[in-house]
Protein chains: 2
Amino acid sequence: MTVDPLENLPGYSLRRASAASMAKLARRFAALDLRPTEASVLMVVDANPNITQSEIGRMLDVASANMAPLVSRLAERGLLERQPVDGRSHGLALTRTGSVLTTKVKKTATEHERDLLRKITPAQRKVLLAILRKLWSDN
Amino acid sequence: MTVDPLENLPGYSLRRASAASMAKLARRFAALDLRPTEASVLMVVDANPNITQSEIGRMLDVASANMAPLVSRLAERGLLERQPVDGRSHGLALTRTGSVLTTKVKKTATEHERDLLRKITPAQRKVLLAILRKLWSDN
DNA sequence: TATTGTTATACTCTATAACTATA
DNA sequence: TATAGTTATAGAGTATAACAATA
């Protein structure tokens, strides 16, 4: 029989759990013609009207070089509008269309979390968040 | 002040924790001129001499179309050898060089897990593995 | 018919370097 | 000098389609 030498490694399980979760989430967001990162940007702008691109990047840990085309696509689709804050940065806000879509995004995200958490007990849910946050907040 | 609407979503924390962990692991494996997936294949072959490519793919959830170039690179580097099992599949085994390198891979993986787990308590470690396995083993 | 392995191709996310313009 | 934003480019992982050879 075959042996999986990785199955007892928490780091590897973390990777597999995340990959499985993200693949499912990507399929859900595809119904809204959005990729997961695009959906996350919409949610952040929704919660923080007039936030700048660089602030979003720091919050989501997306490099500025990767934020540029991401925001451009959302703006070209008429989901976001840019209003100048000073000479170099722009505040981002959802358009009417973007706001409607983001409502669906939030519903999709909630469904996804529900499906994910359905697999574990309520006690485990509390522990899980605390652990995960520690794993990546430290550094 | 800005608000992070994603920070309380376990699915998002899972993604961030995994991404942070994998980025660090990739930097470690780069010192061995290996990518994480290549390293994982070496570990699986090490634990299962004569395993076939398709069996590895099923174990690690890597599509056969992606296993082909992966194994080819490792074979071209002289880390793996293929011996025919039947007319269509080959058993994979580590070469002497591959075996030496895999010893370093396992050491690196162990160090990585130690660093990761250093951030959480022993009690949390036990819970974490159980939860993660449930999150992706179900489907 | 199902499985193994392969090639070609595309998509998503991420990373780096180099640059312009503004603070 | 530091920051905001941009462009170009590359790497890594993953996904689909189509195919040949074998079981």
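By convention in this document, chain letters (A, B, ...) are assigned in the order of the sequence lines, proteins followed by strands, and residues within each chain are numbered from 1.
The backbone N or O of G98(A) lies less than 3.5 Å from a partner atom in the side chain of T95(A), making a donor-acceptor pair. A donor-acceptor pair under 3.5 Å is absent between the side-chain atoms of K119(B) and the main chain of K134(A), judged by distance alone.
With contacts defined as side-chain heavy-atom distances shorter than 4.5 Å, the pair R125(B)/I120(B) qualifies. V45(A) places none of its side-chain heavy atoms less than 4.5 Å from the side chain of T102(A). Contact annotation: the side chain of D33(B) approaches that of R77(B) to within less than 4.5 Å [non-hydrogen atoms, C-beta and beyond].
Residue L34(B) contributes atom CG, which lies 15 Å from atom C1' of dG11(D) at whole-angstrom precision. Rounded to whole Å, the distance from CD1 on I51(A) to C1' on dA4(D) is 14 Å. In this structure, the CD atom of E76(A) is 11 Å from the P atom of dT6(D), given to the nearest Å. Here dT3(D) presents its P atom at 17 Å from CD of Q53(A), a figure rounded to the nearest Å. Note: CG (L70(B)) to P (dG11(D)) measures 16 Å, nearest angstrom. Atom pair L80(A):CG and dG5(D):P shows a separation of 13 Å (rounding to whole Å applied). Residue H90(B) contributes atom NE2, which lies 11 Å from atom P of dA23(D) at whole-angstrom precision. Atom CE of M67(B) is separated from atom P of dT6(C) by 10 Å (rounded to the nearest Å).
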For this session: Would you mind building the protein contact string for nucleotides 11-17 of chain C? One character per nucleotide, 5' to 3', B for base within reach (heavy atoms under 4.0 Å), S for sugar-phosphate only, - for untouched.
Result: -SSBBBB

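Annotation: the span from F29(B) atom CZ to T37(B) atom OG1 amounts to 10.0 Å, rounded to 0.5 Å.
Checking the phosphate oxygens (OP1, OP2) of dT3(D), no side-chain nitrogen or oxygen of R58(A) falls inside 4.0 Å. Contact between the side-chain N/O atoms of S54(A) and the OP1/OP2 oxygens of dG5(D) is found at a separation under 4.0 Å. At dC19(D), none of the side-chain N or O atoms of R88(B) fall inside 4.0 Å of OP1 or OP2 (strictly under the cut-off).
Within 4.0 Å of S89(A), counting heavy atoms only, lie sugar-phosphate atoms of the nucleic acid but no base atom.
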